[in-house]
Amino acid sequence: MGRGKIVIQKIDNTTNRQVTFSKRRSGLMKKAKELAILCDAEVGLIIFSNTKKLYEFSSTSMKSILERYTKTKEGHQQMLSPVSEVKEQILIEEIQELNRKAGLIHQENVELYNKVKLIEQENMKLYTKVYGTKDSTAENGLTLAPFGFTISTPIQLQLSQPK
């Protein structure tokens with residue numbers, strides 16, 4: 001039968017706390033040594049007690065492990081930072097280009113709307129010249145009696161500013 005689970009929290013009794021610290025520290029040191037031997041890993045372990053004492057284990061030189069750690073950490077930060085900045089800049093440029101295109105499309109829509117209105121007015125003038133008045137049978141449009149069809153498609157466009 002195994003041991004019961006303990007609650008992980010600070011041990012109030014200082015004597016018990018110190019005994020537990022010593023046992024767990026030596027167990028952790030043993031595990032670090034085993035990891036270095038079994039897996040051929042470069043291991044560095046630093047422990048500071050609450051009494052300000054230093055305990056350390058290193059499979060090689062602690063200085064070389066710390067230098068390697070520092071270089072590796074700096075390398076990862078340099079690799080991550082420029083990539084995110086480049087991505088952000090690319091996205092900003094894409095947004096600006098899309099906004100520019102949206103403005104051009106909006107302007108083109110306004111121009112087309114104005115052209116449609118002009119053509120509609122010209123058609124009304126021509127119809128009035130040819131037939132005299134608007135035919136009352138066509139709803140929202142014109143009936144071109146000689147040709148037998150009705151222009152009854154109202155054009156309703158809404159203009160909005162690009163965001």
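Predicted model, so just to flag it, every value in this text is computed and none were measured.
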Quick one: [atom1] on [X] to [atom2] on [Y], what's the gap to the nearest 0.5 Å?
X: Lys63; Y: Ser58; atom1: NZ; atom2: OG; value: 13.0 Å
X: Lys115; Y: Leu118; atom1: NZ; atom2: CG; value: 10.0 Å
X: Leu104; Y: His106; atom1: CG; atom2: NE2; value: 11.0 Å
X: Asn114; Y: Asn109; atom1: CG; atom2: CG; value: 11.0 Å
X: Lys125; Y: Glu122; atom1: NZ; atom2: CD; value: 7.0 Å
X: Ile11; Y: Thr20; atom1: CD1; atom2: OG1; value: 3.5 Å

With the side chain counted from C-beta on, respond yes when [X] and [Y] share a heavy-atom pair under 4.5 Å apart, and no when they do not.
X: Lys117; Y: Glu120; result: yes
X: Glu56; Y: Leu45; result: no
X: Ile46; Y: Phe48; result: yes
X: Asn50; Y: Arg17; result: yes
X: Tyr131; Y: Leu126; result: no
X: Glu111; Y: Tyr113; result: no

Would you please test Thr14 and Gln18 for side-chain contact (heavy atoms from CB on, under 4.5 Å) and show each step? CA-CA 6 Å; Thr14 54; Gln18 186 59 39; over 6 Å; no
Under 4.0 Å between a Lys/Arg side-chain N and an Asp/Glu carboxylate O for Glu97 and Arg100? yes
Can you hop from [X] to [Y] via hydrophobic side chains spaced under 4.5 Å?
X: Ile92; Y: Ile95; answer: no
X: Leu54; Y: Phe21; answer: no
X: Ile65; Y: Phe57; answer: no
X: Tyr55; Y: Leu28; answer: yes

Side-chain atoms of residues 33-41: list all donor-acceptor pairs with protein atoms under 3.5 Å, sequence neighbours left out, distances to 0.1 Å.
none

Does the pair Thr60 and Glu42 meet the rule for a side chain to side chain donor-acceptor pair (under 3.5 Å), with working shown? CA-CA 7 Å; Thr60 60; Glu42 196 172 352; 3.2 Å; yes
Apply salt bridge (charged side-chain N to carboxylate O under 4.0 Å, His left out) to Glu94 and list each qualifying residue two or more places apart in sequence or on a separate chain. none
Taking CG in Asn13 as the centre, count heavy atoms belonging to other residues, nucleotides or ligands within less than 6.0 Å. Is the count above 12? yes
